[in-house]
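Below is one structure, written out as structure tokens; the observations come after it.
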Amino acid sequence: MAGADGAGPADVVGRNERCAEMVGGYSAGPGGDAPVVKPDELFFSTTDRRGLIRTGNSVFVRISGFPLEDLTGAPHSIVRHPDMPAGVFRLLWDRLLSGRPAGVYVQNLTKDGESYWVFATVTPLGDGFLSVRVAPQGPLFEAAKQIYRQTLVVEQQARAEGLNRRETAEAGMKHLQRTLGTLGFGSHDEFLAEALSFEVGVRRRLASTGYARPHGQGPTAEVLRSAGALEGQLGELVERLESYRTLCDRLSHASSRVLEVARRLNKAVGAAQYASETVVATAPVLKNVARVMAQPMDRAVGALEELVPRLARLGSLVADLRFRIALAHLHNDMVAAFAAEVVDGLAPHTSLSEVPLLCDALHDGVLEMSERAWQVNRELHEVAALVAEAGLRLEEFRKFLGQWRTLVSRRGAGPALGRLLEPIDDEFVAGWEGLEMLRELGRQFQASVLPLDPAALETWLDRMRDAATASREEP
């Protein structure tokens with residue numbers, strides 16, 4: 001396998017705070033490990049399905065300390081560090097074997113026995129894997145290292161208890177998942193999307209113009225221009241998805257709060273129904289109205305309850321889309337890095353032979369992004385419809401509640417039922433205010449349909465691929 005052997009703002013802040021608490025404070029650097037990989041550098045390698053290295057770039061050669069001829073044909077585990085937990089690779093392989101790209105913080109060893117850290121992305125491609133790796137600088141890096149240390153202890157204990165390799169990896173994986181849950185992540189996939197998005201975001205700020213070569217000419221310069229155009233389009237998607245994530249977290253919080261209020265209100269209505277039974281002899285109409293007004297409240301609660309799993313699915317789709325767009329950024333950057341080396345005279349034109357593979361990975365990524373964007377937009381409409389349904393039912397309930405209040409007064413049932421009015425009124429006000437918040441968020445969602453034009457992205461990919469092919473044929 002290539003490269004790996006070796007919420008609203010409040011949610012994000014909360015996760016970061018918990019991560020910082022885990023490591024005793026936040027540190028963006030690699031801690032006690034020497035920072036071998038520069039912030040603007042990218043590793044690249046490909047392997048077959050068995051993990052045997054096929055190709056590697058100059059950064060991989062230089063930092064690993066192995067000559068390219070020693071790396072070629074060797075298992076990628078040649079750079080594996082013994083302190084890496086097996087559970088990490090179990091999670092990684094589970095994703096890869098399901099056909100999805102993956103990522104992981106990895107500690108590797110150089111030929112001389114020195115350690116270095118990378119955030120490795122691995123993408124299934126054809127009959128093998130393609131990996132692009134970056135220097136880890138995001139806020140989740142230190143927490144990941146601490147989790148790894150804890151997981152390693154768990155796995156050592158598992159081995160001491162006689163568990164085999166598979167069972168030990170399973171124990172490590174479960175510990176990782178539990179720990180991520182305590183940090184506020186619903187799944188490893190959610191953590192992965194957050195980590196890669198952070199790493200790519202930091203990298204973009206540090207190396208946003210690192211591959212610009214205005215003096216470049218010919219097909220290689222066209223590769224760079226195409227990469228620059230893709231960068232611009234992907235950047236717009238990243239910004240839109242950040243707003244989606246914020247909206248998802250806000251909507252999730254708001255819907256949970258409104259659902260809690262609606263359930264309390266439903267209980268209060270149940271109490272009103274029961275109390276109306278006590279005065280049925282003198283005011284039978286109260287019983288009928290109380291029974292009727294319970295129906296829209298039941299429907300409102302049902303809509304809000306359905307909203308919870310819908311929002312969870314929407315959040316998962318947005319997280320997956322964020323991961324795929326961030327991965328496309330890295331693949332596009334890798335293309336630009338190869339071309340920049342050629343323009344600078346640091347590599348021959350033949351080094352662009354890797355660009356078609358990266359274009360293949362980008363093409364597959366564009367197809368997946370298009371599918372996820374369609375799913376996200378569909379879920380947005382469904383969520384907005386559920387919010388509207390809950391609003392209609394609460395509005396209907398409010399009308400019946402008004403009738404019931406009037407009848408309580410007219411029938412002289414105040415002494416018997418008046419004590420029930422205040423909690424119903426209070427809960428309804430709270431629920432209505434929360435629903436208005438949901439409605440506003442729903443309107444923002446509908447106005448933020450994700451604009452993804454796969455044809456435009458494919459056009460630049462085709463130009464990039466053609467230019468790379470032409471450049472390799474240059475002397």
Side-chain angles (χ1 to χ4, degrees), residues 1-6 30-38 41-97 101-136 141 144-145 148-149 151-152 155-156 159 164-166 168-169 172-173 199 330-331 334 337-338 341 347 350-351 353-354 357-358 361:
M1 178 179 63
D5 284 290
D33 301 313
V36 179
V37 188
K38 297 177 183 177
E41 289 186 315
L42 291 173
F43 277 73
F44 175 84
S45 60
T46 61
T47 70
D48 63 14
R49 285 281 169 173
R50 296 174 298 167
L52 300 181
I53 298 171
R54 287 172 168 168
T55 60
N57 72 337
S58 59
V59 176
F60 187 19
V61 170
R62 178 175 59 81
I63 294 177
S64 70
F66 289 97
L68 184 58
E69 54 268 24
D70 288 355
L71 290 172
T72 304
H76 223 292
S77 57
I78 192 173
V79 294
R80 183 169 181 173
H81 198 289
D83 288 345
M84 278 298 298
V88 173
F89 297 115
R90 170 65 187 275
L91 285 168
L92 191 70
W93 273 109
D94 282 353
R95 247 185 100 99
L96 291 173
L97 293 178
V104 65
Y105 288 104
V106 180
Q107 185 179 23
N108 286 336
L109 276 179
T110 67
K111 183 179 181 180
D112 295 332
E114 296 181 357
S115 66
Y116 63 94
W117 284 88
V118 295
F119 186 88
T121 65
V122 188
T123 303
L125 191 65
D127 62 350
F129 300 97
L130 178 151
S131 176
V132 178
R133 305 178 294 283
V134 300
F141 174 41
K145 292 202 298 182
Y148 286 6
R149 285 192 286 267
T151 304
L152 197 62
E155 292 182 359
Q156 289 169 346
R159 281 191 290 270
N164 60 33
R165 290 178 61 184
R166 181 183 180 85
T168 297
M173 180 184 70
E199 296 297 344
L330 278 189
H331 289 164
M334 193 68 250
F338 276 124
E341 282 191 338
T350 54
S351 68
S353 60
E354 306 295 353
L357 282 176
L358 287 160

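- Side chain of Ser131 to backbone of Thr121: a donor-acceptor contact under 3.5 angstrom is found.
- Put simply, the side chain of Asp48 gets close to the backbone of Arg50: a donor and an acceptor are under 3.5 Å apart.
- His76 contributes atom NE2, which lies 8.0 Å from atom CG of Leu71 (distance to the nearest 0.5 angstrom).
- Shown here is Arg159, whose CZ atom has more than 12 heavy atoms of other residues, nucleotides or ligands within 6.0 Å.
- With values rounded to the nearest 0.5 angstrom, His331 atom NE2 is found 10.0 Å from Leu42 atom CG.
- Side-chain contact annotation: Ser58 with Glu341, donor-acceptor N/O pair under 3.5 Å present.
- A cation-pi arrangement is absent between Arg133 and Phe119 under the rule of less than 6.0 angstrom and at most 45 degrees off the ring axis.
- Between Phe129 and Trp93, the ring planes lie perpendicular to each other; the angle is over 60°, past the 30° to 60° tilted range.
- The main-chain N or O of Ala86 is found under 3.5 Å from a side-chain atom of Glu155 such that the two form a donor-acceptor pair.
- Taking each heavy atom of Pro67 and Lys111 in turn, the nearest pair found is CD-NZ, 4.3 Å.
- Side-chain polar atoms of Thr46 and Thr55 form a donor-acceptor pair below 3.5 angstrom.
- Here the CG atom belonging to Leu358 is positioned 6.5 Å from the CZ atom belonging to Phe338, to the nearest 0.5 angstrom.
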Using the rule given for side-chain contact (heavy atoms from CB on, under 4.5 Å), can you reason through Thr151 versus Val88, listing the C-alpha separation, both sets of side-chain angles and the distance that settles it, and then say yes or no?
CA-CA 9 Å; Thr151 304; Val88 173; 5.7 Å; no
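- Pro82 pairs by the side chain to side chain contact (heavy atoms under 4.5 Å, CB included) definition with Leu109, not counting sequence neighbours.
- Residues Tyr148 and Tyr105 keep their aromatic ring centres 6.0 Å or farther apart.
- Rounding to the nearest 0.5 Å gives a distance of 12.5 Å between CG of Leu92 and CE of Met173.
- With rounding to the nearest 0.5 Å, the separation of OG1 in Thr110 from CZ in Arg62 is 12.0 Å.
- Among Ile53, Val61, Ile78, the single residue meeting the side-chain contact (heavy atoms from CB on, under 4.5 Å) criterion with Phe66 is Ile78.
- Of all heavy-atom pairs between Leu130 and Val132, the closest is CD2-CG2, 4.1 Å.
- Applying the salt bridge (charged side-chain N to carboxylate O under 4.0 Å, His left out) test to Asp70 and every residue at least two apart in sequence or in another chain returns nothing.
- With a 4.5 Å cut-off on side-chain heavy atoms, Pro75 and Leu52 count as touching.
- With hydrogens and angles ignored, the 3.5 Å screen pairs no side-chain donor or acceptor of Gln107 with any backbone N or O of Ser115.
- Expressed to the nearest 0.5 Å, how far CZ of Arg166 lies from CG of Asn164 amounts to 8.5 Å.
- Contact annotation: the side chain of Arg49 approaches that of Pro124 to within less than 4.5 Å [non-hydrogen atoms, C-beta and beyond].
- Identified under the salt bridge (Lys or Arg N to Asp or Glu O under 4.0 Å) test for residues 117-132, with sequence neighbours left out: Arg54-Asp127.
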